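Reading through the structure tokens given below for one structure.
Atoms within each ligand, like the ligands themselves, are counted from 1 in listed order. Since the structure is predicted, the reported quantities are computational estimates derived from the model, not experimental observations.
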Amino acid sequence: MAAYDLERLALLLQGYRKRLNLTKAQLAQRAGISASFVTYIEQGQRRPSLPMLTRLMQALDLTDSEKRGLLRAAGYHSLGELTPCLSDLSEQLAELPQPERDELLEEFSRMIGRWRELRRKRVRRVVIPIAGWQPRLLSPEQLGKMLRPALEETALAGLTEVVLVLAPGKSVPLLKLPRGLKVRTVVQEPQLGLGHAILTTHGVVGDEPFAVILPDDILLGEGRECLRQMLTLYERYRCSMLAVTEVEGAADLKNYGVAHLGDPLAENVYLVQGLQEKPTRGRRSGLTIVGRYVLTPQVFEALQATTPDKNNEIQLTDALNLLLRRQRISAFVYRAQLFRVTPIKMLLEQLIDALDESHPERLEQAMQITKEALQALTALRA
Ligand code: G1P
């Protein structure tokens with residue numbers, strides 16, 4: 001990415017605004033962006049996206065050379081300006097000994113080829129990990145039930161293949177598959193966290209972009225559109241994308257991955273500046289990662305390079321932070337209703353249902369399931 005100078009950008013923008021006697025709010029209104037965003041840019045705290053800068057430039061009636069200056073300060077170079085860099089590069093290449101030059105050129109054309117291919121490839125698959133210690137407590141029937149909303153969301157999104165990541169020795173869930181969906185399974189062994197579960201699917205997913213649904217984040221009603229909307233956005237921006245939602249209260253933040261967002265790309269879509277997995281201190285509100293992702297295949301390299309956390313787990317969030325050094329990642333702010341369901345909660349709900357309906361046989365069944373779950377939990381934790 002080209003270098004940028006936010007301080008210079010701030011000065012330029014402020015100068016051009018004052019030249020027109022506009023307040024920040026007036027400029028923001030002319031450009032159709034929020035006044036606080038103008039303030040952030042003028043404080044040198046934010047780098048506007050290219051479409052946003054273009055709107056600002058239009059609102060400020062700039063000359064061509066003023067526009068070029070502003071674009072350069074924000075790190076957006078025109079193709080014309082790139083040409084001298086490229087000829088510089090080719091001169092330097094010409095000075096290299098033949099084998100090294102060939103190697104570099106080969107690497108360069110491989111990178112461009114991969115980029116072109118990625119732009120062509122569409123998302124076909126969704127990876128659904130169910131090898132965590134909670135799904136492991138469920139029977140194939142219960143897993144099938146838990147997966148139903150995720151499968152419906154997958155079908156709505158127009159995907160054709162589900163890759164289930166299972167724990168060793170677990171049988172395949174009993175699934176009612178929506179028409180047109182086929183299922184493949186991979187076994188995650190050893191169990192080293194969500195990132196490792198995704199890495200296990202590399203052989204099946206290959207060099208293609210793919211989606212991920214964490215099925216214990218259940219999106220009902222309108223929420224089932226979440227992945228479909230993300231895929232439409234992926235077609236446009238061609239970068240990894242994760243769904244985020246706003247939560248209040250530190251208690252919740254420390255149970256999830258937290259996203260720090262930068263410039264907007266579109267309504268409800270922002271560039272990600274950084275991610276943090278289950279932060280234990282600090283913020284009291286923020287945006288947490290919902291279990292919906294669209295990932296470019298380079299995430300596999302990032303996962304391979306990710307250091308396990310203190311529990312020896314490879315976190316997807318940490319891998320995405322690594323990926324962020326190479327590629328942009330965006331966040332889709334998801335606003336419909338979300339249920340974060342854990343199987344333990346499901347069991348309790350069954351128990352409460354049974355109590356409500358006062359059917360002795362159902363109550364007994366529910367008690368039995370709860371007892372088994374507790375035993376399994378104790379065994380797993382031992
Ligand atoms: C995982 C992710 C976390 C995300 C969460 C959503 O955590 O690591 O970033 O916020 O799913 O449900 P887990 O639920 O596996 O602890």
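Salt-bridge annotation for E42 and R17: present, with a side-chain N of the basic residue lying under 4.0 Å from a carboxylate O of the acidic one.
Side-chain contact, S139 with E141: a donor N or O sits under 3.5 Å from an acceptor N or O. For the residue pair Q276 and T317, no side-chain donor N or O sits within less than 3.5 Å of a side-chain acceptor on the partner.
Residue-ligand proximity, G257 to ligand 1, at heavy-atom distances under 4.0 Å covers atoms 3 (C), 4 (C), 9 (O), 10 (O). Atom numbering of ligand 1 starts at 1 in the shown order; those under 4.0 Å from a heavy atom of D217 are 6 (C), 12 (O). Remark: ligand 1 atoms within the under-4.0 Å shell around heavy atoms of L214 are 1 (C), 11 (O). For ligand 1, the atoms sitting less than 4.0 Å from at least one non-hydrogen atom of T317 are 9 (O), numbered in the order shown with element in parentheses.
The heavy atom nearest to atom 15 (O) of ligand 1, out of those in E313, K278, R292, is found in K278.
Legend: salt bridge (Lys or Arg N to Asp or Glu O under 4.0 Å) pairs involving residues 193-203, not counting sequence neighbours: none detected. Residue pairs that meet the ring-ring contact (aromatic ring centres under 6.0 Å, His included) test with at least one member in residues 191-245, sequence neighbours left out, are H202-F300, F210-F300.
At least one N or O atom of I289, backbone or side chain, sits closer than 3.5 Å to an N or O atom of ligand 1.
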